[in-house]
Every structure is written in C-alpha cells, then in structure tokens.
Amino acid sequence: MNIFRFAGDMTHLCSIVVLLLKIEATKSCAGVSLRTQELYAVVFVSRYLDLFFTFISVYNTVMKVFFITSSFCIIWYMRHHRIVSQTYDREQDTFRVAFLVVPCIFLALLVNHEFSMVEVLWTFSIYLESVAILPQLILLQRTFNVDTLTSNYVFLLGAYRALYILNWLYRYFTEPGYSQWIVWSSGTLQTAIYCDFFYYYVVSWRKNERLSLPS
Amino acid sequence: SAKSAAKDEL
C-alpha cells in the first residue's frame, strides 16, 4: 500500500469521526444530510459484500467493518436519537435520491466488468459513491449553514478523493497491468463535484469575510 | 485483471 492510498483512507476515516464527534458533542445534526448518509450506507453495504467471500488483509476488513458500522451509527443518531433527531433539517433535505439511485442501477447493469450479482453490486456502489454527496452539497447551499464541523467533514471527504487519484496515478506507474477505468472515471466525476463545492465554499467564505470587516 | 485491480481498495 502506498502513502497516498493510506493517507486517503485515513482522511476518509477522519471525516466520519469528525462528523460523529460533531453530532455527539453538539447533540445536533443541523446541516447534515440524512439522505447522503443513507446513500453512503447503501454504498458501503453493496460494495463490502465481499467481506463474506474474500479476505484481503486485516486492515482491509477492519476498515470495511468500520465504514459500515459508522454509517449506520450516524443514521441511527439522525433518525432515532431523542435530541439529535430533532435538529435534523427535514424540510430542507429534500433531494430525490431516486434520481441518483435508479440511473446508477441501470448503469451498473450495462457497464460492468462481469455480469454477476456481486460484481454488479460492486459497480453500482462505485457509481453511487461518486454522486452520493450531492444531497449534502445542496443542503449546505440551501441552509447556508457553513458550520465549521460540517464543512470540515466535506473538506476531509474531498481530500480523501484527491489522495485516491494520486494513489491511482502512483499504482498505474508502479504496478504493471494496474488499470481500472470504471473506478477512475467515477472517481474523477466525484472529485469534480467536490471541486465545485470548494469553489462555492471559497466564494461564500470570502463574502462572509467581507461582510464582517469593520465599515 | 481490471475486475480484481480495485478490489483491495476501499
């Protein structure tokens, strides 16, 4: 495993820890999209089905179990925690997830490496992950609640994507025969969506800064 | 193969 891949995994892990800590410490999930969190749970479950069939490494297994359990933990907080669930922006978080899930199902059925249950589900998870952040970005733009912790979460997720691109480049040049165009194209789309968010974030941050200057 | 290339990633 190269340093980019490891750093990418760690920022991904940190992003989830930051989100959980924010929810636990502030007893609030204001500005967090439950729809995005549910999409991530679907992504992890459909991708990590291979936990039952193939063993890659202890690291791999531990990380997969962590991603699945932490995503369900966040969903539980947002849906069922007595105090946290009341802070959920239900009226603002209205993105129609079917617009993302249904095209991803069709695309996974059409474009995959092998037409088998596990492989199609894996491909579906790759496609879905690339767009799963959209409800979160729409919610951030709507509520304009650029809460530091929520934006840290989104920033860390973006850093994870960028590091994964470096990891792919590194592996492409160092491992003969390493090539994975489904993951590359979805990952590039995903990173582009984050760049769009960064642009929006910087613009609103600069606007806020200008507003707070003494007149 | 391309099928297995990404399977060790998360």
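Everything numeric here is computed off the predicted structure, so don't read it as measured data. Note that these values count all heavy atoms, side chains included, but never hydrogens, waters or copies made by symmetry. The sequence lines fix the lettering, A, B, ..., with proteins before strands; numbering per chain opens at 1.
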Q: Please report the closest heavy-atom contact between B:Leu10 and A:Arg47, naming both atoms and the distance.
A: O-NH1, 3.3 Å
Q.
Just checking A:Phe99: does its CZ atom have more than 12 heavy atoms from other residues, nucleotides or ligands closer to it than 6.0 angstrom?
A. no
**Q.** A:Tyr77: ring-ring contact (aromatic ring centres under 6.0 Å, His included) partners, not counting sequence neighbours
**A.** A:His81
Q. Quick one: of A:Tyr164, A:Phe67, A:Tyr48, who has the most non-hydrogen atom pairs under 4.5 Å with chain B?
A. A:Tyr164
Q) Around atom CZ of A:Phe106, are there more than 12 heavy atoms of other residues, nucleotides or ligands at under 6.0 Å? A) no
Q | Residue pairs involving residues 35-46 of chain A (criterion salt bridge (charged side-chain N to carboxylate O under 4.0 Å, His left out); sequence neighbours excluded) | A | A:Glu38-A:Arg79
**Q.** A:Asn112 versus chain B, the contacting section by heavy-atom distance below 4.5 Å
**A.** neither
Q | Which of A:Asn60, A:Val183, A:Ile182, A:Asp50 touches chain B most, by non-hydrogen pairs under 4.5 Å | A | A:Asn60
Q) Do any pairs count as a salt bridge (charged side-chain N to carboxylate O under 4.0 Å, His left out) and have a residue in residues 163-191 of chain A, sequence neighbours left out, and if so which ones? A) A:Arg171-A:Glu175, A:Arg171-B:Asp8, A:Arg171-B:Glu9
**Q.** Heavy-atom contact with chain B under 4.5 Å, split by part of A:Phe44
**A.** neither
Q. Taking everything shown except A:Phe55 itself, do over 12 heavy atoms lie less than 6.0 Å from its CZ?
A. yes
Q. Does atom CZ of A:Phe155 have more than 12 heavy-atom neighbours, drawn from other residues, nucleotides or ligands, at distances under 6.0 Å?
A. yes
Q | Part of residues 2-17 of chain A lying next to chain B, heavy-atom separation under 4.5 Å | A | A:Arg5, A:Asp9
Q: Might you confirm whether atom CZ of A:Phe115 has over 12 heavy atoms from other residues, nucleotides or ligands at distances under 6.0 Å?
A: no
